[in-house]
Amino acid sequence: MRNPYDVLGVAKGASEAEIKKAYRKLAKDFHPDRNKNDVKAKDRFAEANSAYEILGDAEKRKQFDRGEIDAEGRPRASGFEGFGGGFGGGRGGGGGGGFDFENMARSRQGGMGEDIFSHIFGEAFRAGGAGPGGQRQAAKGEDVAAELSVTLEQVASEEKLRLYLPTGREVDVVIPRGVVDGQTIRLRGLGQAGGPRSEPGDALLTIRIRPHPRFTVDGADLRTTVDVPLEDAVLGGTIRVPTLTGAVEMKMPPMTSSGRTFRLRGKGLPRKDGSLGDLFATTAIVLPEDEDAALMEFARARRAAKAA
C-alpha cells in the first residue's frame with residue numbers, strides 16, 4: 001500500500017482532527033454503497049480505510065513514523081545489515097554479516113518463507129509469483145461491505161454486538177473507543193473465501209450512529225438541553241440532568257438565565273485513549289403551565305417600576 005499520509009492527502013505533521021476529517025471525506029466519496037459499479041472507488045475506499053487504521057491510532061502512527069511497521073501495519077524486516085556479504089547461517093553467522101532469518105517479520109499465518117522472499121524480491125513475488133513447487137498462488141478473496149447501526153448508549157458502554165455479514169457468517173464485534181459516525185473498520189479475514197492456499201478477503205464495516213432524541217454529538221462530547229422551573233432559575237437549586245448512564249444531580253446558582261451552559265465532566269463518549277468526553281447541559285427556563293396570580297402581579301409591578 002502507498003504511504004498512508006499520501007493516501008489521506010495530509011502532511012506528516014497533521015493533527016488528529018485533520019487526519020479524521022480527511023479520512024471521513026474519502027470514506028464518504030468512495031463508499032461502496034455510493035459507487036456500486038466502480039471497482040476503482042472500492043479500491044480507494046479500502047486504501048483509505050487501511051491508511052486510517054495506521055494514522056488514526058496514535059500508537060500505530062508513532063510506530064510507522066519510526067519505521068517500525070509498514071503501511072499495512074506489519075513489522076518491518078530486520079537483519080539486513082551486511083546483506084552484501086552474502087547469506088549466512090540461521091543467525092546471520094558464516095561471514096560478511098550474513099542474513100538473519102529468525103528476525104524477519106513473519107507472515108500473518110505465522111510462517112516465514114513467503115514474506116522473506118517478498119521482502120527481497122518485491123511485492124510481485126507475493127501477489128502473483130510462483131509459490132512452493134512452482135505453482136502460482138491464488139488471489140486473495142474479495143472484500144465485503146457491511147453496516148452496523150448503533151445507539152449512543154451502545155457506544156458509551158462499548159457493548160458487544162452481533163453482526164451478520166453478507167457472507168452469511170455471524171460474528172460478535174465490540175464497538176471501538178473513539179468511533180465516529182460513518183467510520184469504516186476493517187475486519188481482517190472476514191470477507192469472501194479465497195482460492196487454495198490464499199487468504200480470505202476482509203469485511204469493511206461502516207458504523208452508523210443513530211440520532212438520539214435528547215443528545216447531540218460533538219466529537220467525544222455530548223450536548224443537551226434541560227428544562228429549569230422558574231423558581232429554581234431565580235433562587236438556585238438542584239436539578240436532575242439525564243446522561244447516557246442515568247440521571248445525575250447538578251447544582252445551579254441563583255439567577256440563572258436561559259441559554260446558560262454547564263459542563264458535566266466525564267459524562268460524554270469514550271475516546272481512543274480511554275478517557276471520556278463531557279456533557280454540556282444548556283438551560284431552558286420553563287414557566288408555570290397554569291396562570292400564577294402572584295407571578296403575574298410581580299411581573300406587572302416590575303414593569304411599572306421600570307416605566308416610572
Side-chain angles (χ1 to χ4, degrees), residues 1-4 6-8 23-24 26-57 60 64 69-76 105-119 121-132 135-150 160-176 179-180 182-208:
M1 193 185 82
R2 293 188 294 149
N3 187 304
D6 295 337
V7 172
L8 297 185
Y23 163 74
R24 294 185 69 175
L26 290 174
K28 180 179 179 181
D29 291 344
F30 297 107
H31 195 280
D33 289 348
R34 301 182 62 181
N35 305 273
K36 296 189 177 185
N37 298 319
D38 189 342
V39 177
K40 291 184 178 180
K42 179 181 177 181
D43 292 341
R44 287 291 306 277
F45 178 78
E47 187 180 45
N49 184 60
S50 294
Y52 188 68
E53 284 187 9
I54 300 293
L55 301 186
D57 185 299
K60 287 185 180 179
F64 177 79
I69 60 174
D70 63 16
E72 295 183 5
R74 297 174 304 189
R76 291 188 181 275
R106 295 181 180 269
S107 69
R108 292 175 188 167
Q109 287 74 25
M112 290 177 56
E114 179 184 331
D115 270 8
I116 289 175
F117 287 100
S118 63
H119 277 297
F121 299 109
E123 285 294 315
F125 179 91
R126 177 168 44 202
Q135 297 179 354
R136 190 177 184 83
Q137 297 184 53
K140 180 181 176 181
E142 289 290 324
D143 293 344
V144 298
E147 283 195 2
L148 182 63
S149 177
V150 299
K160 180 184 291 186
L161 300 174
R162 176 58 58 94
L163 173 65
Y164 299 90
L165 295 170
T167 58
R169 186 173 178 179
E170 299 178 20
V171 296
D172 290 327
V173 295
V174 176
I175 305 301
V179 70
V180 296
Q183 180 176 338
T184 299
I185 301 166
R186 180 181 294 272
L187 305 177
R188 298 192 181 277
L190 295 183
Q192 296 288 356
R197 297 215 307 264
S198 70
E199 297 181 5
D202 302 330
L204 306 179
L205 176 62
T206 300
I207 303 295
R208 299 294 182 190

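Being a predicted model, the structure only gives us computed values, none of them experimental.
Here Lys40 pairs with Asp38 under the side-chain contact (heavy atoms from CB on, under 4.5 Å) rule; sequence neighbours left out. Applying the side-chain contact (heavy atoms from CB on, under 4.5 Å) criterion to Asp43, with sequence neighbours excluded, gives Val39. With sequence neighbours excluded, the residues satisfying side-chain contact (heavy atoms from CB on, under 4.5 Å) with Val180 are Lys20, Arg24, Gln183. Taking the salt bridge (charged side-chain N to carboxylate O under 4.0 Å, His left out) definition, one finds that Asp29 meets it with Lys25, sequence neighbours left out. Legend: residues meeting side-chain hydrogen bond (donor to acceptor under 3.5 Å, both in side chains) with Arg44, ordered by chain and number and at least two apart, are absent. The salt bridge (charged side-chain N to carboxylate O under 4.0 Å, His left out) search around Arg2 returns Glu47, not counting sequence neighbours. With sequence neighbours excluded, the residues forming a side-chain hydrogen bond (donor to acceptor under 3.5 Å, both in side chains) with Thr206 are His31, Thr184, listed by chain and number. With sequence neighbours excluded, the residues forming a side-chain contact (heavy atoms from CB on, under 4.5 Å) with Ala71 are Met1, Pro4, Phe64, listed by chain and number. Arg208 is linked by a salt bridge (charged side-chain N to carboxylate O under 4.0 Å, His left out) to Glu147, counting only residues two or more places apart in sequence or in another chain.
Using a 4.0 Å cut-off between charged nitrogen and carboxylate oxygen, Lys160 and Asp172 do not count as a salt-bridge pair. Salt bridge absent: Glu53 and Lys60 never bring a charged side-chain N and a carboxylate O closer than 4.0 Å.
The heavy-atom pair separating Ala51 from Leu8 by the smallest distance is CB-CG, 4.0 Å. The two residues Gly189 and Asp202 have their closest heavy-atom pair at N-OD1, 2.9 Å.
Under the side chain to side chain contact (heavy atoms under 4.5 Å, CB included) rule, Asn49 has a single partner from Asp143, Leu204, Val7, Leu26, which is Leu204.
Distance check: Leu190 CG to Leu163 CG gives 8.5 Å after rounding to the nearest 0.5 Å. Atom CG of Leu165 is separated from atom CG of Leu148 by 10.0 Å, given to the nearest 0.5 angstrom.
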>> Working note: Ile54 + Ile69, criterion side-chain contact (heavy atoms from CB on, under 4.5 Å); need CA distance, chi angles, decisive distance, verdict.
In response: CA-CA 9 Å; Ile54 300 293; Ile69 60 174; 4.1 Å; yes
